[in-house]
There are 2 protein chains.
Amino acid sequence: MANTAAAPAPPDAGVPGSMGDVRRSNLALVLGRIAQAPAGSHLTRAQVAGATGLTKASVSSIVLDLLGTGILREMGLNSHGERGRPGVGLELNPARGVIGMEINVDYIAAGVTDLSGAVVLQEIRERDNRESESAPVMAALADLAAEVRKTALERGVEVLGGGLAVPGLVDAGNATVIAAPNLGWLDVELDLDRLLPNLPLGVTLFNEANAAALAELARGPADRRDFLFLSGEVGVGGGLVIRSELFTGPEGHAGEVGHIVVDPQGILCSCGGTGCLETIAGQDAIFAAAGIDAKGQPRSESMSALVAALAEGKPEALRAVEGAGRSLGVAVASTARVVNIQAVVLGGHFAVLERWLRPSLSESLAKYAPGKVFPDHITIAAVEEGGALLGAAGSVVRSLVEAPHRLQP
Amino acid sequence: MANTAAAPAPPDAGVPGSMGDVRRSNLALVLGRIAQAPAGSHLTRAQVAGATGLTKASVSSIVLDLLGTGILREMGLNSHGERGRPGVGLELNPARGVIGMEINVDYIAAGVTDLSGAVVLQEIRERDNRESESAPVMAALADLAAEVRKTALERGVEVLGGGLAVPGLVDAGNATVIAAPNLGWLDVELDLDRLLPNLPLGVTLFNEANAAALAELARGPADRRDFLFLSGEVGVGGGLVIRSELFTGPEGHAGEVGHIVVDPQGILCSCGGTGCLETIAGQDAIFAAAGIDAKGQPRSESMSALVAALAEGKPEALRAVEGAGRSLGVAVASTARVVNIQAVVLGGHFAVLERWLRPSLSESLAKYAPGKVFPDHITIAAVEEGGALLGAAGSVVRSLVEAPHRLQP
DNA sequence: CTTATATAGTTCAATGAATAAACTAAGTCG
DNA sequence: CGACTTAGTTTATTCATTGAACTATATAAG
């Protein structure tokens with residue numbers, strides 16, 4: 001906070017507002033209104049003016065700018081059948097898109113959506129990233145991403161920006177993976193410009209559970225604006241969405257729902273804590289409690305074995321999943337007391353096990369947070385495969401819509 | 001909170017920005033800079049221009065407006081001893097202030113601070129508000145507030161707005177106490193205009209723990225910007241401050257730390273839940289566990305009895321407080337996983353019992369959230385008496401500084 | 001077919017706010 | 001006393017919004 005006035009003008013906090021801010025804010029207002037129109041219905045300038053409160057003159061001027069950047073497109077005439085001159089329909093330019101990417105334990109993936117969220121193409125490549133160095137993984141992903149980007153361009157979609165989801169704690173501002181235990185990455189700074197060069201919007205880094213929560217926000221029911229996404233992987237991740245915004249605490253470390261204390265008398269967790277949710281509801285914990293040998297074999301096989309055991313009604317397996325559900329309930333109850341979520345969305349293995357998880361989870365919620373999170377507000381994720389990828393891509397689109405001035409004409 | 005509806009154009013979301021917004025934002029920028037200058041050092045227009053990045057001309061114009069509303073005052077010349085024309089010092093007008101009020105179980109209170117936070121006067125009136133109707137309590141408070149306001153005016157301080165803290169869940173937007181169990185209030189809408197008429201800024205309603213947390217933010221160490229304030233009263237309240245902002249969840253219900261699950265095998269709570277923090281660390285719970293008969297007698301006496309028992313080393317009392325500390329640790333650990341707080345501030349009876357609470361609380365934090373909340377970041381509240389009152393007042397000042405355009409010249 | 005009317009979109013002068021540069025005011029230094 | 005320095009004001013310019021007038025293009029009526 002040193003303020004030795006020597007530089008031209010070093011404001012130590014806060015930036016003066018100028019008329020450019022008004023323009024930026026109204027650009028976003030207009031674009032946001034057009035973007036949130038139901039697909040197929042193309043708003044006209046006059047309708048946008050009516051909906052936003054701006055004058056027609058302002059909207060015209062703003063739309064001109066947006067057309068100039070290529071983010072919007074005109075759609076011929078909108079003859080509404082009534083009297084008067086027909087308006088010109090406006091829509092997000094389907095020839096522009098973003099790329100979503102994901103690095104996970106046993107695969108890398110990349111896909112392109114256009115600005116309206118429609119998937120242009122998507123490709124998953126199996127790859128064992130367990131305990132792998134980051135460099136070769138990033139090189140392989142760069143290959144895949146370049147290929148996907150090229151194919152998208154051939155199909156007429158130019159990629160403006162990208163999002164990358166990784167299963168770990170990230171510092172998006174510094175493009176750094178702070179810790180991704182299952183990849184064995186610790187404090188790895190990624191060169192996102194080299195991963196995918198010459199993108200007007202660059203590449204943004206996301207936590208996998210957070211990205212999946214964002215996908216749920218974008219592709220799930222429209223009225224669900226406050227929820228906790230529970231991502232069941234080797235660990236238990238959480239994505240907290242509050243008022244349609246991803247919530248990350250002071251330093252972005254939030255959503256560590258996997259390490260909420262659900263059993264003070266519990267066992268030691270890998271995080272150093274005791275009785276964390278993850279020690280009961282994480283994949284390894286469930287496999288162990290269910291008596292399934294998960295060592296050496298792919299997780300998908302262990303999961304199949306678990307589901308089979310549950311279907312057969314094996315008591316050991318039933319008890320393991322029941323316990324996981326109960327602990328999930330405790331964690332959700334405590335979370336609800338701090339941030340007042342109203343719904344829970346199950347992803348990852350929780351989605352797979354939902355049938356067996358639900359009874360004890362519902363019961364537990366009713367017991368520990370009565371009247372807070374209602375059992376019928378427990379749902380499974382709308383996006384199964386590639387949720388993190390789509391969420392990351394969608395979030396990049398959304399941040400563009402909220403700040404369209406970042407795109408130069 | 002007057003909401004003059006029936007505007008010509010009803011924009012369904014988002015409001016167009018205009019040049020007035022720029023002015024408002026820069027008014028706040030300039031005023032904020034002047035307000036956060038250390039007391040006694042009066043910034044000049046030129047210094048403000050340098051610090052904010054605005055031009056001298058803009059600052060001059062903005063300061064003129066602020067002087068017009070009476071929120072700022074000029075302070076003669078600032079002959080800095082160096083060359084050049086001396087600047088004119090600017091400061092928050094000490095002849096303007098706000099009134100803070102508090103309703104609690106056994107008292108009502110009101111006090112006035114000037115805009116810099118200095119206490120002009122403060123008065124506490126004992127009154128048993130247990131299970132009392134809201135009307136007589138509000139009438140008594142109106143009396144007290146009017147008297148305090150008058151005395152303040154006689155001392156040269158005009159009151160611009162007020163804040164009222166109550167021990168319960170509030171909906172500030174609708175001036176409604178949703179539930180204050182210890183007062184026996186349920187869904188009570190308060191007539192804040194009648195409580196204190198003709199205030200330019202009106203009166204704002206606060207939850208008591210939240211207000212106390214705000215007082216801690218304003219009057220505690222300057223570098224403490226993220227913390228959880230734990231208010232030990234009959235119930236356990238929480239105030240969550242994140243990045244120097246009070247954090248309340250989607251519907252303002254946040255900070256219900258008293259009902260985090262700390263013992264899944266625990267007993268039933270008054271909230272309907274099970275194993276809530278309050279069932280172990282609330283005053284009644286501690287008294288009961290310590291073997292102190294709290295029925296009928298004032299709480300302050302029971303508290304004295306408890307402290308005496310602790311000082312004597314009575315095992316029952318020691319065990320009760322130790323258990324409360326352990327449970328506090330569990331709750332703080334879980335909260336830290338969701339919102340990543342870095343410090344804990346103890347208020348109410350937790351502050352009184354700190355000596356006996358600290359060992360088990362520290363131990364518990366180290367066990368359940370290692371590396372997250374460090375034991376030496378546990379402190380007791382800086383403001384003992386009237387914390388909620390001062391916090392509410394300070395918050396009103398702060399919201400004025402952040403939106404000075406609300407004050408007309 | 002022509003005219004009336006309604007709606008969409010553009011053009012243009014006016015307004016408010018910030019900026020940059022010139023200017024006035026009021027001190028210290030040599 | 002004059003040179004220099006810093007504070008604050010005045011003035012012309014720029015930019016984005018607004019409101020009103022205007023142009024463009026459709027349907028409806030005569």
Side-chain angles (χ1 to χ4, degrees), chain A residues 5-6 8-9 11 14-31 34 42-68 72 74-90 404-405, chain B residues 7-9 11 14-30 34 42-68 72 74-90 404-405:
Chain A
V15 186
S18 62
M19 279 156 296
D21 296 327
V22 177
R23 184 58 158 194
R24 279 188 278 282
S25 139
N26 287 337
L27 277 169
L29 182 66
V30 167
L31 181 57
I34 294 169
H42 305 300
L43 293 181
T44 65
R45 288 168 175 81
Q47 290 172 321
V48 172
T52 57
L54 288 162
T55 60
K56 290 189 297 175
S58 299
V59 172
S60 274
S61 156
I62 288 168
V63 164
L64 201 66
D65 275 15
L66 294 173
L67 289 170
L72 276 190
E74 291 190 328
M75 271 300 287
L77 296 194
N78 252 18
S79 197
H80 36 53
E82 289 169 30
R83 283 186 180 193
R85 168 177 169 180
V88 179
L90 299 166
H405 63 271
Chain B
V15 187
S18 63
M19 280 156 297
D21 296 327
V22 176
R23 185 57 159 195
R24 280 189 277 283
S25 139
N26 287 337
L27 276 169
L29 182 66
V30 166
I34 294 169
H42 306 300
L43 292 181
T44 65
R45 289 167 176 80
Q47 289 172 320
V48 172
T52 57
L54 288 162
T55 60
K56 290 188 296 173
S58 299
V59 172
S60 275
S61 157
I62 288 168
V63 164
L64 201 66
D65 275 15
L66 294 172
L67 290 171
L72 276 190
E74 290 190 329
M75 273 299 288
L77 295 195
N78 251 19
S79 198
H80 34 53
E82 289 171 28
R83 288 188 175 190
R85 168 178 169 180
V88 180
L90 298 167
H405 62 273

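Keep in mind that this is a model prediction, so the values were computed, not measured.
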Q. Taking DNA chain D as the partner, which of residues 54-66 of chain B come within under 4.0 angstrom of it by heavy atom?
A.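 By residue number: B:K56, B:A57, B:S60.
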(Q) Between B:V88 and B:M75, is the side-chain contact (heavy atoms from CB on, under 4.5 Å) condition met? List the steps. (A) CA-CA 6 Å; B:V88 180; B:M75 273 299 288; 6.0 Å; no
Rounded to whole Å, please give me the gap between [atom1] in [X] and [atom2] in [N].
{"X": "B:L43", "N": "D:dG8", "atom1": "CG", "atom2": "C1'", "answer": "15 Å"}
{"X": "A:E82", "N": "C:dA8", "atom1": "CD", "atom2": "C1'", "answer": "13 Å"}
{"X": "A:L77", "N": "C:dT7", "atom1": "CG", "atom2": "P", "answer": "17 Å"}
{"X": "B:L67", "N": "D:dG8", "atom1": "CG", "atom2": "P", "answer": "12 Å"}
{"X": "A:M75", "N": "C:dG9", "atom1": "CE", "atom2": "P", "answer": "14 Å"}
{"X": "A:H42", "N": "C:dA8", "atom1": "NE2", "atom2": "C1'", "answer": "17 Å"}
{"X": "A:H405", "N": "D:dC15", "atom1": "NE2", "atom2": "P", "answer": "17 Å"}
{"X": "A:M19", "N": "C:dT19", "atom1": "CE", "atom2": "P", "answer": "8 Å"}

Would you please confirm or rule out a distance under 4.0 Å between OP1 or OP2 of [N] and any side-chain N or O of [X]?
{"X": "A:N26", "N": "D:dA16", "value": "no"}
{"X": "A:R23", "N": "D:dC15", "value": "no"}
{"X": "B:T44", "N": "D:dG8", "value": "yes"}

**Q.** Any donor-acceptor N/O pair, B:D21 side chain to B:S18 backbone, under 3.5 Å
**A.**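 Flag set: sc B:D21 to bb B:S18 pair under 3.5 Å.
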Q) Is A:N26 reaching over with its side chain to a backbone N or O of B:P16, donor-acceptor style, under 3.5 angstrom? A)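 Side chain of A:N26 to backbone of B:P16, a donor-acceptor pair under 3.5 Å: no, none is there.
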Flag side-chain contact, heavy atom, 4.5 Å: [X] against [Y]:
{"X": "A:R45", "Y": "A:K56", "result": "no"}
{"X": "B:T44", "Y": "B:Q47", "result": "yes"}
{"X": "B:L54", "Y": "B:I62", "result": "yes"}

Q) Roughly how far, to the nearest 0.5 Å, is CG of A:D65 from OG of A:S60? A)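 If we round to the nearest 0.5 Å, A:S60:OG and A:D65:CG are 11.5 Å apart.
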Q | Rounded distance [0.5 Å steps], CD1 in A:I34 versus CG in A:L72 | A |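 Reported value, rounded in 0.5 Å steps: 4.5 Å.
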Contacts under 3.5 Å, N or O only, protein and nucleotides 1-5 of chain C:
{"from": "C:dT5", "atom 1": "O3'", "to": "A:R83", "atom 2": "NH1", "distance (Å)": "3.4"}

Q) How do A:L27 and B:R45 order along DNA chain D: which one's closest nucleotide is nearer the 5' end? A)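 Result of the comparison: B:R45.
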Q) Where the side chain of A:R85 is defined as all heavy atoms beyond and including C-beta, which of C:dA18, C:dG27, D:dT25 is the nearest nucleotide? A)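 The closest nucleotide is D:dT25.
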Q: Considering non-hydrogen atoms only, spot the tightest contact between A:G17 and B:V22 and give its length.
A: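 A:G17 and B:V22 have their closest heavy atoms at O-CG1, 3.3 Å.
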